[in-house]
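Structure record follows, encoded as structure tokens.
Note that ligands are numbered from 1 as they come in the structure, with each ligand's atoms numbered from 1 the same way. The analysis underlying the following values was restricted to heavy atoms, covering all of them including side chains, and did not include hydrogens, waters or symmetry mates.
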Amino acid sequence: MRTGIEWTEDLAILVGGIDDQHRELFRRLNVFLGACDSGKGVEDLVRMLQFLDDYVAIHFREEERLHEEFAFPERHRHRGYHRAFLEQLGMLKMRFLKEGPTPDLVATINRIVVGWLLDHISRRDREFGEWVRRRAGR
Ligand SMILES: [Fe+2]
Ligand SMILES: [Fe+2]
């Protein structure tokens, strides 16, 4: 698996600023993963990981606010997916603080975070986009 994540148009869910937020998430993730490979100092890497983590939290809050606004029927389950991912990310962050950017850990972060984002956006977030459009009758 290559390192990093690439935005493609089929990931667009076409609701509010969500797609821009996803693109920003991808950008922050790529900056972090790229920096791990380029031998940057651990302190800088930890800051980048925190920068990514902060944005994940901001993004989930915004998405969940829209779920409420549009009375998305899957919103409670969806919130659970977000929570589970935040927990996983928290554990990866702890490991990173202890181990630093070992090739094994960087590959694990890449696999888990990239895999989760692509799967979640293309299935769960898309489901929300479809709900919004169905509700609006378009
Ligand atoms: Fe989501
Ligand atoms: Fe999302």
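At the Fe ion (ligand 1), the vertex angle linking NE2 of H82 with NE2 of H78 is 90° (nearest 10 degrees).
In this model, no donor atom of one side chain and acceptor atom of the other lie less than 3.5 Å apart for H76 and H67. Under the 3.5 Å distance criterion, with hydrogens and angles disregarded, no donor-acceptor pair is assigned to the side chains of H78 and E127. A side-chain donor-acceptor contact under 3.5 Å links D10 and T8.
By the criterion of a separation under 2.8 Å, the protein N/O/S atoms near the Fe ion (ligand 2) amount to H22 NE2, H59 NE2, E63 OE2, D125 OD2.
Here the CG atom belonging to L86 is positioned 7.0 Å from the CG atom belonging to D53, to the nearest 0.5 angstrom.
No option in L45, V31, T3 other than L45 meets the side chain to side chain contact (heavy atoms under 4.5 Å, CB included) test with C36.
Counted within 6.0 Å of CD on E68, heavy atoms from surrounding residues, nucleotides or ligands total more than 12; the atom is thus considered enclosed.
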